[in-house]
Novice: 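Below: one structure in structure tokens.
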Amino acid sequence: MGERQITLEVMRYRPETDTEPVFQTYAVPCQEEWVVLDALNYVKDNLDRSLSFRWSCHMAVCGSCAMVVNGTPMLSCKAFLRDLPDTIQVEPLRNFPIERDLVVVLDDFMEKLRSVKPYIVPKEAPATPDGTFRQSTKQLKMFKPFAMCINCLACYSVCPQYGLNEGFAGPAALALAHRYNADSRDVGRKAREDVVASNVGIWECTFVGACSEVCPKDVDPAAAIQQTKIASTVDYFTDLILPGRKVKGGPGKAAGGKA
Amino acid sequence: MEVIETDVAIVGAGGAGLSAAIAVAERDPNLKIALLSKVYPMRSHTCAAEGGAAGVAKDEDSLDKHFDDTVSGGDWLCDQDAVEWFVERAPKELARIERWGCPWSRDADGKVAVRPFGGMKIERTWYAADKTGFHILHTLFQTSLQFPSIKRYDEYYSTDLIAADGRCQGVMAIEMRSGQLKTFAAKTVIIATGGAGRVFPFTTNGAIKTGDGMAMAYRAGVPLKDMEFVQYHPTGLPGTGILMTEGCRGEGGILVNKDGYRYLQDYGLGPPDPWPRKKAMELGPRDMLSQAFWHEQQKGRTIQSASYGDVVHLDMRHLGQALIDERLPFVRDLARSYLGVDMVTDPVPVRPVVHYTMGGIHMENLVETPLKGLYAAGECACVSINGSNRLGSNSLTECLVFGREAGQRAAEQIGSLGAVNDTLVKERAEASRQALADLHMRPHSGESVSGIRREMHDTMESGAGIYRTADSLAQTCTDMANLRDRFNRVALEDKSAVYNTDLIQALELQSMVEIAETMAHSATKRTESRGSHQRLDFAQRDDEVFLKHSLATYNGQAAPTIDYRDVVITKSQPAARVYGGDV
């Protein structure tokens, strides 16, 4: 195992003493196969007990350790040193308030996730002997990719709309809303539209697609939002055409109206 | 100090904690629920479980068969009344989270698919590709968001139970964002904090698995049961300890030594063919597979890897890319990323890795501890359905079944428990505040969290690993007593309030040191070999003396006291564990 000397420039912010974030540099002797998180843990255990960051699984599934590495948000447990230069700059996720060092405040996302009703709204209980719904592999494939979101929030860090409009529900929350809309067991799409198709929902997305580029789990939130836009537009025009259906708001900016 | 009053306080928001919270909310929406976790719920380690969750699904399967596989897998240390109760509820709870949206993999007819796991007579492991725990956790968490009575306290680190007057009356917790200690005055408390794999250096367990809940209960006087039983999973990636799911072998993967030989046939698990075959060879139980690796290593038949030490090969090439990508895409990516090995074209180097603590908080009646008002569920609890070696894929189901029961039981018993005693709660809260203040004020001593943790890892691995002896354990007991003493001098270098992980890691280390000591002492006293507890100096199982659970009781600064309690046998008399399957 080869050793490699890395210069780690870590953004620090200690709200009790710092007026603004500053970079602190650490010289870290690393193993070739390490990830950025290993280097941070080396700092924590050997150089500076005060450095704070979140992590747990070290296998790219708990979503705790997303941070901005050399300008790009990624899971630090899967940011391999072999892919990075000898000087590595590490910052907290952007578009969130910094709580301390690399730890950001997640309150806004947690509330937005709740607002899109990310749970099954069932039509009726399954009438099978084992009490489960039947679902074909094809039906499973309709929503499964969007169920892969680990809530690491790398997508929010690059979303220009989330940066500008703090009300915007954002890529992960909208992808998860779509995950349930697209599930054959669910009939909750109308209930979700209050948020999803409102002025904080899908119509705010300008389809830059940065969210999908940085997603470590290939969830493709941009595609989820586009699919939702189509479904929502169809709804709007169906409501216009069919008698007895109530038109609520509009399909969004593109059609000149907003809820 | 802020006092938060609640009916139910749940510590831990993984599979078991969330199941408990939803059960309380469904049962009585008027009950106040405080759901505390040191991480956000979706970070809980349930998310790392890969292969699946066990519950009878096939017509040709039966509850009796699930019972038999569990009890023989546990080398007859399971309480059989609890296992019967568990296997009956398992399919119902798995069906419940299907209705809540869990993306289970499906058969062609749209029914939930099942796969075989180790030590299993018939396939009964429900799976969502190879990210089952992840999907179960997110399904539970997202489902929980519809219940307004579940008030979450994310990133609250619980430090102590408030045990007074023969009853649990709440829990103390640090709000990590502010550093403030808060009192949760609770009529009932449910612990659901998971396992303690981080006591060992090489583990599949995430950083958060430090056994805090077990340690809190232990300090409050509740014994820890069967702590000598620690499961090594046979297939971890060298270096990181990342798990290659048992599903790899369930789908047909094989294990070979340096000669390309399927060595498990030499350890009572053969013959090798026909393959795949249930309850045989690579589908034997985890304890026996990990022990076989150790013997191969002694014989010099493992593969010596320059970077990673001794390994064997997990070979899945014959499964083909299509099946691997459909059923094992996550572990394929993990092996490729972290080891540079593609299982489609090359065998994957693996070695045994600490995975699961069978032991835990002593349960008297499925989910109730001996302390009134205190409940527990999931890996932190020892019911015991896992005996001396847990059957693969029982643990996710255990979280659902017992998590739900803990919630229901707590909700049911609140009425008879009555109000908490404010004076006693305040007294205990003050003691916790003082202890925390003392830790903050402790003068620099040269003792560090990372230093003591490293030494704990070394002595646990060398003295209390897959094979143990009186000498190795005696050394570990001595080392741990020494480390516990030295921990009392650890000083914080970070004195700040906001998100102080120096403080949190110190408290986690305290939990781990206490737990490691119960493991070493329980293992010393058990002079037999059973399941995951293997003594080179006492190679046989001894039912005359040790068909018993061990109970480790806290003694402050002294070593724990170890007592015993009979195992509950209902219908399966202890017998030889027979694997090799029907040829």
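Worth knowing before you read on, the calculation uses all heavy atoms, side chains too, and leaves out hydrogens, waters and symmetry mates. First the proteins, then the strands, lettered A, B, ... as listed; each starts at 1.
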Novice: Chain B heavy atoms under 4.5 Å from A:Ala125: which part of the residue, side chain, backbone, both or neither?
Specialist: neither

Novice: Go through the atoms of A:Asn151 and report whether side chain, backbone, both or neither lie under 4.5 Å from a heavy atom of chain B.
Specialist: both

Novice: Counting heavy-atom pairs under 4.5 Å with chain B, which one of A:Val35, A:Asp101, A:Thr17, A:Val61 comes out on top?
Specialist: A:Val61

Novice: For B:Tyr499, is it the side chain, the backbone, both, or neither that has a heavy atom closer than 4.5 Å to a heavy atom of chain A?
Specialist: both

Novice: Between A:Asp45 and B:Arg453, is the salt bridge (charged side-chain N to carboxylate O under 4.0 Å, His left out) condition met? List the steps.
Specialist: CA-CA 10 Å; A:Asp45 287 347; B:Arg453 190 172 52 206; 2.8 Å; yes

Novice: Counting only non-hydrogen atoms closer than 4.5 Å, does A:Cys65 touch chain B with its backbone (N, CA, C, O), its side chain (CB onward), both, or neither?
Specialist: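 Contact with chain B is absent: no heavy atom of A:Cys65 under 4.5 Å.
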
Novice: State, yes or no, whether a side-chain contact exists between B:Gln142 and A:Leu176 at a heavy-atom distance under 4.5 Å.
Specialist: yes

Novice: Top residue by heavy-atom pair count (under 4.5 Å) with chain A, among B:Val112, B:Val449, B:Leu503?
Specialist: B:Val449

Novice: In terms of heavy-atom proximity below 4.5 Å to chain A, should B:Thr240 be classed as side chain, backbone, both, or neither?
Specialist: side chain

Novice: Tell me which of these, A:Ser136, A:Ala60, A:Gly63, has more heavy-atom pairs under 4.5 Å with chain B than the rest.
Specialist: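 The answer is A:Gly63.
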
Novice: Have B:Gln505 and A:Arg49 got a donor and an acceptor in their side chains that come within less than 3.5 Å?
Specialist: yes

Novice: Salt bridge (charged side-chain N to carboxylate O under 4.0 Å, His left out) between B:Asp333 and A:Lys78: does it pass, once the steps are laid out?
Specialist: CA-CA 11 Å; B:Asp333 174 61; A:Lys78 226 185 166 195; 2.6 Å; yes

Novice: With a 4.5 angstrom heavy-atom cut-off, is it the side chain or the backbone of A:Lys141 that approaches chain B, or both, or neither?
Specialist: neither

Novice: If I measure from the heavy atoms of chain A, does B:Asp154 come under 4.5 Å with its side chain, its backbone, both, or neither?
Specialist: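 For B:Asp154, the side chain is the part near chain A, not the backbone.
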
Novice: Counting only heavy atoms closer than 4.5 Å, note whether B:Arg152 contacts chain A via side chain, backbone, both or neither.
Specialist: side chain

Novice: I'd like to know if the side chain of B:Thr501 pairs up with that of A:Lys44 as donor and acceptor (distance under 3.5 Å, no hydrogens or angles considered).
Specialist: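 Result is yes, a qualifying pair exists.
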
Novice: Can you find a pair of side-chain heavy atoms, one from A:Ser56 and one from B:Arg43, that are under 4.5 Å apart?
Specialist: no

Novice: In terms of heavy-atom proximity below 4.5 Å to chain B, should A:Phe80 be classed as side chain, backbone, both, or neither?
Specialist: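 Interface part for A:Phe80: side chain.
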
Novice: I want to check something: taking the side chain as every heavy atom from C-beta on, are B:Arg106 and A:Gln139 in contact at a cut-off of under 4.5 Å?
Specialist: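 B:Arg106 does not reach A:Gln139 side chain to side chain.
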
Novice: Side chains of A:Lys217 and B:Lys131: does their closest heavy-atom pair fall under 4.5 Å?
Specialist: yes

Novice: Decide yes or no for B:Leu140 and A:Tyr119: does some side-chain heavy atom of the first lie under 4.5 Å from some side-chain heavy atom of the second?
Specialist: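 Sidechains of A:Tyr119 and B:Leu140: no contact.
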
Novice: Under 4.5 Å heavy-atom distance to chain B, tell me which part of A:Arg179 shows up: side chain, backbone, both or neither.
Specialist: side chain

Novice: Could you check whether A:Arg134 pairs with B:Asp107 (Lys NZ or Arg NE/NH1/NH2 to Asp/Glu carboxylate O, under 4.0 Å)?
Specialist: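 Judged by the 4.0 Å cut-off on N to carboxylate O distance, A:Arg134 and B:Asp107 do not form a salt bridge.
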
Novice: Specify which of A:Pro126, A:Gly131, A:Cys57 makes the most heavy-atom pairs with chain B at under 4.5 Å.
Specialist: A:Gly131

Novice: Between A:Glu99 and chain B, which part of the residue has a heavy atom less than 4.5 Å away: side chain, backbone, both or neither?
Specialist: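 Both backbone and side chain of A:Glu99 come within 4.5 Å of chain B.
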
Novice: Would you say B:Trp100 and A:Ile120 make side-chain contact, with heavy atoms under 4.5 Å?
Specialist: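 The answer is no, as the side chains (C-beta and beyond) never meet within the 4.5 Å cut-off.
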
Novice: So does A:Thr132 get a backbone contact from the side chain of B:Arg96, meaning a donor-acceptor N/O pair under 3.5 Å?
Specialist: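 Pair absent, no side-chain N/O of B:Arg96 close to backbone of A:Thr132.
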
Novice: Side chain, backbone, both or neither: which part of B:Glu326 has an atom under 4.5 Å from a heavy atom of chain A?
Specialist: neither

Novice: Under a 4.5 Å heavy-atom cut-off, does chain A meet the side chain of B:Ala497, its backbone, both or neither?
Specialist: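 For B:Ala497, the contact with chain A is made by backbone and side chain together.
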
Novice: With a 4.5 angstrom heavy-atom cut-off, which part of B:Ser448 approaches chain A: side chain, backbone, both or neither?
Specialist: neither

Novice: When heavy-atom pairs shorter than 4.5 Å are enumerated against chain A, which of B:Ile242, B:Val498, B:Asn500, B:Thr143 gives the highest number?
Specialist: B:Val498

Novice: B:Gly206, B:Ala95, B:Pro103, B:Gly239: which one forms the most heavy-atom pairs within less than 4.5 Å of chain A?
Specialist: B:Pro103

Novice: I'd like to verify something: which residue of B:Ser450, B:Ala207, B:Gly340 has the highest number of heavy-atom pairs under 4.5 Å with chain A?
Specialist: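 Result: the option with the highest number of such pairs is B:Ala207.
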
Novice: Below 4.5 Å from any heavy atom of chain B, which atoms of A:Leu51 appear? Answer side chain, backbone, both or neither.
Specialist: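 Looking at A:Leu51, just its backbone touches chain B.
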
Novice: Which bit of B:Ile208 comes within less than 4.5 Å of chain A, counting heavy atoms only: side chain, backbone, both or neither?
Specialist: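 Contact with chain A is through both the backbone and side chain of B:Ile208.
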
Novice: For the residue pair A:Glu33 and B:Tyr338, confirm or rule out a side-chain donor-acceptor distance under 3.5 Å.
Specialist: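 A:Glu33 vs B:Tyr338: no donor-acceptor pair found between side chains.
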
Novice: Does any heavy atom of chain B fall under 4.5 Å from the side chain of A:Met148, the backbone, both, or neither of them?
Specialist: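 Both backbone and side chain of A:Met148 come within 4.5 Å of chain B.
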
Novice: Tell me, do B:Gln146 and A:Arg114 make a side-chain contact under 4.5 Å, heavy atoms counted?
Specialist: no

Novice: A:Pro15 versus chain B, heavy atoms under 4.5 Å apart: side chain, backbone, both or neither?
Specialist: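 For A:Pro15, the contact with chain B is made by the side chain alone.
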
